[in-house]
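Remember, it's a predicted structure, so these values are computed and weren't measured experimentally.
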Amino acid sequence: MRRVIKRAGVALAAACLGVLCSLAALLIAQPSVVELANKNPARTSFMEAAAREKGIPADTYSVHWTNLDQISAYVGCALIKGEDDLFFRHSGFDWREIWLTLRSSSRAGASSITQELARNLYLSPKRSWLRKLREAFLAWALERALTKRRILELYLNVIEWGDGVWGIGDASAYYHQKPPAELDAFDASFLAGLVPSPRRSLAGPNGLRAYGWQLRTLHYLFLAGLIDAGEELESARRAQRLFGALQSGVPFDQARAAASPPIAAVKKAPLTWARALSTECGLDAERAAHKLEKAQRR
């Protein structure tokens with residue numbers, strides 16, 4: 001009996017050692033992310049994978065860089081509200097969302113912006129436990145090598161916003177025909193709704209999903225004190241006209257024209273990055289407003 005227990009212990013120890021060696025090898029094989037602090041990527045793994053899917057050269061797509069100061073702060077905050085509300089407060093992993101996802105089979109994934117950046121830069125779109133493990137290692141490394149500002153800047157410049165539309169510069173020109181610095185809350189919240197399914201049609205079920213996502217993002221921006229009630233209402237009306245036209249089969253350019261802001265609309269001072277970063281996109285104000293809303297519903 002002792003001999004059996006001893007053999008089992010040896011086998012377990014060997015298995016544990018094998019796992020540790022595999023993890024060590026995986027960690028050593030990870031690309032260095034330190035250079036991203038000062039060097040902009042030319043291309044991402046996701047861009048190369050998308051090109052291969054279409055049977056075109058792997059270097060067809062590339063990063064067209066836009067500095068964060070040349071991007072509207074509404075875009076960053078809209079993405080954070082929709083994708084990763086605790087972006088500024090976690091170390092790469094939103095454990096609250098991970099736990100909720102594990103408890104609910106119908107809940108969407110709980111990847112943080114840092115995890116999504118790691119995946120886009122270095123990994124494959126194909127899902128596997130190995131990819132998730134590598135993604136975790138890379139997200140951990142990114143959080144230790146880069147500032148939150150830099151992670152957000154990289155994320156905005158490399159993710160896909162439509163079929164063949166990569167980075168905020170191309171997305172801003174393609175969807176809104178203006179530079180990223182001029183995007184308002186309506187523009188930004190619309191773009192935020194594209195990120196979960198960038199290649200799917202905006203007519204039909206995905207259009208309804210994107211419309212709901214935009215309305216929700218606008219409300220979060222309002223609760224956070226980043227836009228006022230009038231801006232939320234007017235942006236919601238524009239979203240209704242845009243998606244209503246798209247659901248009717250109207251081409252995007254015509255639908256966008258139908259959702260143009262009123263000619264007499266008063267232009268207000270835009271959200272600055274100084275305010276967005278210092279307030280973490282108004283997170284504390286948003287939480288307080290959420291509590292007040294819940295209390296008023298009772």
Side-chain angles (χ1 to χ4, degrees), residues 16-68 71 75-76 79-80 83-84 86-95 97-98 101 109-171 195-196 198-199:
C16 291
L17 181 61
V19 171
L20 290 175
C21 289
S22 297
L23 290 176
L26 185 64
L27 184 58
I28 293 171
Q30 296 300 321
S32 174
V33 302
V34 176
E35 65 178 15
L36 288 175
N38 301 302
K39 183 179 179 181
N40 300 329
R43 189 170 294 104
T44 71
S45 179
F46 266 40
M47 288 178 182
E48 294 176 352
R52 285 194 298 270
E53 284 180 17
K54 296 182 177 182
I56 57 180
D59 61 355
T60 298
Y61 303 123
S62 59
V63 176
H64 301 149
W65 190 262
T66 306
N67 291 330
L68 193 67
I71 303 171
V75 180
L79 266 289
I80 286 171
E83 299 284 323
D84 186 4
L86 294 179
F87 170 70
F88 290 106
R89 298 193 180 178
H90 62 60
S91 299
F93 309 95
D94 187 342
W95 297 108
E97 286 296 319
I98 291 173
T101 300
S111 294
S112 67
I113 282 176
T114 311
Q115 289 173 274
E116 291 176 13
L117 174 61
R119 188 185 313 149
N120 273 265
L121 284 172
Y122 301 113
L123 304 177
S124 165
K126 295 180 180 178
R127 297 182 179 183
S128 70
W129 282 106
L130 178 60
R131 193 205 71 174
K132 291 298 293 184
L133 187 59
R134 293 189 64 199
E135 178 186 304
F137 276 130
L138 286 165
W140 177 84
L142 286 168
E143 287 280 345
R144 279 145 189 80
L146 310 176
T147 64
K148 290 289 188 178
R149 177 191 174 99
R150 180 59 173 169
I151 290 172
L152 184 59
E153 183 178 47
L154 285 161
Y155 179 72
L156 292 172
N157 274 283
V158 305
I159 60 172
E160 188 175 19
W161 303 80
D163 190 7
V165 182
W166 299 91
I168 185 59
D170 288 356
V195 175
R199 300 186 195 178

Legend entry - Lys/Arg-Asp/Glu bridge criterion (N-O < 4.0 Å) met for Glu116, Arg119: no
Inset, instruction - To the nearest 0.5 Å, tell me how far Thr114 OG1 sits from Leu152 CG. - result: 9.5 Å
Legend entry - Closest heavy-atom pair and its distance - Leu154, Leu146: CD1-CD1, 3.6 Å
Inset, instruction - Supply the atom-to-atom distance Asn157 CG to Leu117 CG, rounded to the nearest 0.5 angstrom. - result: 10.5 Å
Legend entry - Which atom of Pro41 lies closest to which atom of Leu36, heavy atoms considered: CD-CD2, 4.1 Å
Inset, instruction - Please name the pair of heavy atoms, one in Arg144 and one in Ser91, separated by the smallest distance, quoted to 0.1 Å. - result: NH1-O, 4.1 Å
Inset, instruction - Could you check if a side-chain atom of Asp84 sits within less than 4.5 angstrom of a side-chain atom of His90, using non-hydrogen atoms only? - result: yes
Inset, instruction - Can you see which heavy atom on Arg43 is nearest to which on Asp59, and at what distance? - result: NE-CA, 3.4 Å
Inset, instruction - Compare every heavy atom of Val158 with every heavy atom of Trp166, then report the nearest pair and how far apart it is. - result: CE3-O, 3.4 Å
Inset, instruction - Enter the distance from Leu121:CG to Phe46:CZ here, rounded to the nearest 0.5 Å. - result: 10.0 Å
Inset, instruction - Supply the atom-to-atom distance Tyr155 OH to Leu142 CG, rounded to the nearest 0.5 angstrom. - result: 13.5 Å
Legend entry - Donor-acceptor pair, side chain of Glu153 and main chain of Leu68, under 3.5 angstrom: yes
Inset, instruction - With side-chain contact (heavy atoms from CB on, under 4.5 Å) as the test, would you mind laying out the steps for Phe87 and Leu79 before giving the verdict? - result: CA-CA 10 Å; Phe87 170 70; Leu79 266 289; over 6 Å; no
Legend entry - Close side-chain approach of Leu156 to Val75, heavy-atom, < 4.5 Å: yes
Legend entry - Donor-acceptor contact below 3.5 Å, side chain Glu48 vs main chain Ser45: no
Legend entry - Ile159 CD1 to Met47 CE distance, which is reported to the nearest 0.5 Å: 10.0 Å
Inset, instruction - Decide side-chain contact (heavy atoms from CB on, under 4.5 Å) for Lys126 and Arg131; before the verdict, give the C-alpha distance in whole Å, the side-chain angles of both, and the deciding distance to 0.1 Å. - result: CA-CA 8 Å; Lys126 295 180 180 178; Arg131 193 205 71 174; over 6 Å; no
Legend entry - Side-chain heavy-atom pair Lys54, Asp163 within 4.5 angstrom cut-off: yes
Legend entry - More than 12 heavy atoms from other groups under 6.0 Å of CZ on Arg89: yes
Inset, instruction - Return the minimal non-hydrogen interatomic distance between Ser111 and Glu135, and the atom names on each side. - result: OG-OE2, 3.8 Å
Legend entry - Distance (rounded to the nearest 0.5 Å) between Tyr61 OH and Asp170 CG: 11.0 Å
